[in-house]
Amino acid sequence: MDPITALLDDVLAEIAPQDAGAPADYIPELAAADPERLAFAVVGPHGRVRAVGDDAAEFTIQSISKPFVLALALQEQGRDRVLSRVGVEPSGEPFNAISLEAGTGRPANPMINAGAIAVSSLVPGDDVDERTARVVETLSAFAGRSLWVDEAVYASESATGDRNRALAHLLRSHDVLEGGVETAVETYFRQCAVIVTVRDLAVMAATLAFGGVNPVTRRRVIDGPVARDVLSIMGSCGMYDFSGEWMLRVGLPAKSGVSGGLLAVAPSQFGVAAFSPRLDEHGNTVRGGLVVETLSERFGMHLLEPHESVAVPAVAIERAPGGGGVIRLGGELGFAGTERIVAILRDFADGLPAGATLTVDATGLGASHPGAVVALRAEFETMPAGVVLVV
Ligand code: GLU
């Protein structure tokens, strides 16, 4: 076992004895899950999947499909059209609550069932089969392998899905649903019944972490701004009516599902996923949540704590024998980073012998924000002759 996997294994061993909660029992297929199953996987920028525990255990994706079908709708229909059908405000209510906005009838957000059904109605396709094919194709592209629908779970969801049908009828009465009730809910039931493993979920999370490019297949699945929109909504609404406390404790956009799956995203760093069927009173996996919370603490992944890498671009200085030289910038140049670069540069420029050149080579930056480049250029106007910027 490599050292990182060993660290993950330690986290898993610490959490394993916890036995609070119970598997979902509103459909027989979920109630039959083995409550002892526990697994955890992490995928970084090179697409290497590190998994511990029951990582081959298969389960239905359930609500974790919601952010990915949302990604498909955003990609195909654009943000404005999607937002005309569904809001982006946390509802503070359980996943199957009615939560429709007064006046417009829009569901509060795409992570509750009402919102997800509205989003599923935006999936292109003439009938349920075509739409399901689009959904499965999208989920598969995120996971980097061909996924499929568990027909038994689908059938039992559909047979017991009166509340979701009722939600869809309400949506239709407000003119929020695109097309018919049955097409929307049947697509939704099938998307919930797609079979995954914790490895699949970690790759799916990683695809969101890396701006829509699957780090395993290297394929772009969705555009960068779509990935950012999806993560923003997961950040405020992804953990049912526990989303606010989750952000406080863990600090990562996440999505859970009633089968006991959970994924979380550390942008530019990792996708992580956990699986354990026992759920708490909000419908979130108890041990899965603890695993991700422990990981976030231990590896300093809370998004809202200071991260030096954003404030300091990589700088390599090559001094020339007669003074001067080249300063090469790498990584990401943000606004705060510009300030640091300028401080280094001023020191260097002050001691620059007459006739020597100091070149700042910004061509190796992986990403630079337009405002940061404008600020950097403006600083160069005031630099002594001999200091040159190459962008
Ligand atoms: N298929 C489930 C439902 O709509 C999904 C619920 C969930 O995972 O939150 O009832």
Side-chain angles (χ1 to χ4, degrees), residues 21-33 58-70 86 90-99 107-121 123 128 132 135-136 139 147 149-171 177 181-196 198 200-201 204 233-234 237-243 246 254-264 273-286 288-289:
D25 57 6
Y26 73 100
I27 59 170
E29 262 68 19
L30 295 180
E58 294 183 326
F59 51 97
T60 50
I61 189 167
Q62 297 296 338
S63 269
I64 304 173
S65 61
K66 292 172 181 173
F68 301 99
V69 178
L70 172 65
V86 61
S91 70
E93 291 185 295
F95 70 99
N96 57 5
I98 297 182
S99 282
N109 68 68
M111 301 295 130
I112 54 171
N113 288 6
I117 294 167
V119 168
S120 300
S121 82
V123 171
V128 177
T132 304
V135 166
V136 173
L139 297 178
L147 303 177
V149 174
D150 182 321
E151 291 297 328
V153 178
Y154 152 71
S156 87
E157 289 253 7
S158 181
T160 56
D162 289 331
R163 192 177 171 92
N164 285 324
R165 269 193 199 92
L167 287 172
H169 280 285
L170 265 178
L171 295 176
L177 209 64
V181 162
E182 283 306 311
T183 310
V185 287
E186 292 297 310
T187 307
Y188 172 74
F189 292 140
R190 286 196 166 83
Q191 83 183 45
C192 288
V194 167
I195 291 288
V196 288
V198 82
D200 296 322
L201 292 184
M204 296 173 87
I233 298 168
M234 284 165 63
C237 312
M239 295 294 282
Y240 307 116
D241 44 338
F242 188 70
S243 298
W246 173 267
K255 187 72 200 86
S256 59
V258 289
S259 51
L262 166 66
L263 58 75
F275 170 58
S276 169
R278 283 193 285 258
L279 310 180
D280 65 14
E281 69 276 22
H282 305 283
N284 293 320
T285 163
V286 178

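Just follow the structure's listing: the first ligand is 1, and inside any ligand the first atom is 1.
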(request) Hey, can you tell me if Phe275 and Phe59 have their rings parallel, tilted or perpendicular (30° and 60° cut-offs)? (result) parallel

(message) Can you confirm whether Arg190 sits close enough to Val128 that some side-chain heavy atom of one is under 4.5 Å from a side-chain heavy atom of the other?
(response) yes

(request) Identify the two heavy atoms, one from Ser259 and one from Leu30, that lie closest to each other, and give their separation to 0.1 Å. (result) CB-CD2, 3.9 Å

(request) Would you mind listing which atoms of ligand 1 come within a distance below 4.0 Å of any non-hydrogen atom of Gly257? (result) 8 (O)

(request) Give the numbers and elements of all ligand 1 atoms closer than 4.0 Å to a heavy atom of Tyr240. (result) 7 (C), 8 (O), 9 (O)

(message) Looking only at protein heavy atoms, which one is nearest to atom 6 (C) of ligand 1, and what is the separation?
(response) Ser63 OG, 3.4 Å

(request) Keeping the roles fixed (side chain from Ser276, backbone from Thr285), state whether a donor-acceptor pair exists under 3.5 Å. (result) no

(message) With a heavy-atom distance limit of 4.0 Å, tell me whether Asn113 approaches ligand 1 through its side chain, its backbone, both, or neither.
(response) side chain

(message) For atom 5 (C) of ligand 1, what's the nearest protein heavy-atom neighbour? Residue, atom name and distance, please.
(response) Gln62 OE1, 3.3 Å

(request) Between Cys192 and ligand 1, find which residue part has any heavy-atom pair under 4.0 Å and reply side chain, backbone, both or neither. (result) side chain

(request) For residues Glu157 and Glu186, determine if any side-chain heavy atom of one lies less than 4.5 Å from a side-chain heavy atom of the other. (result) no

(message) Please classify the Phe189 to ligand 1 contact at 4.0 Å (heavy-atom distances, strictly less than): side chain, backbone, both or neither.
(response) neither

(message) A side-chain contact here means heavy atoms from C-beta on lying under 4.5 Å apart; do Ser65 and Val194 qualify?
(response) no

(request) Would you please test Ser120 and Gln191 for side-chain hydrogen bond (donor to acceptor under 3.5 Å, both in side chains) and show each step? (result) CA-CA 9 Å; Ser120 300; Gln191 83 183 45; 2.8 Å; yes

(request) Would you kindly specify which portion of Glu157 sits under 4.0 Å from ligand 1, judged on non-hydrogen atoms: side chain, backbone, both or neither? (result) side chain

(request) Just jot down the ligand 1 atoms closer than 4.0 angstrom to any heavy atom of Asn164, in number order. (result) 3 (C), 4 (O), 10 (O)

(request) Going by heavy-atom distance to atom 4 (O) of ligand 1, choose the closest among Phe95, Tyr26, Tyr188. (result) Tyr188

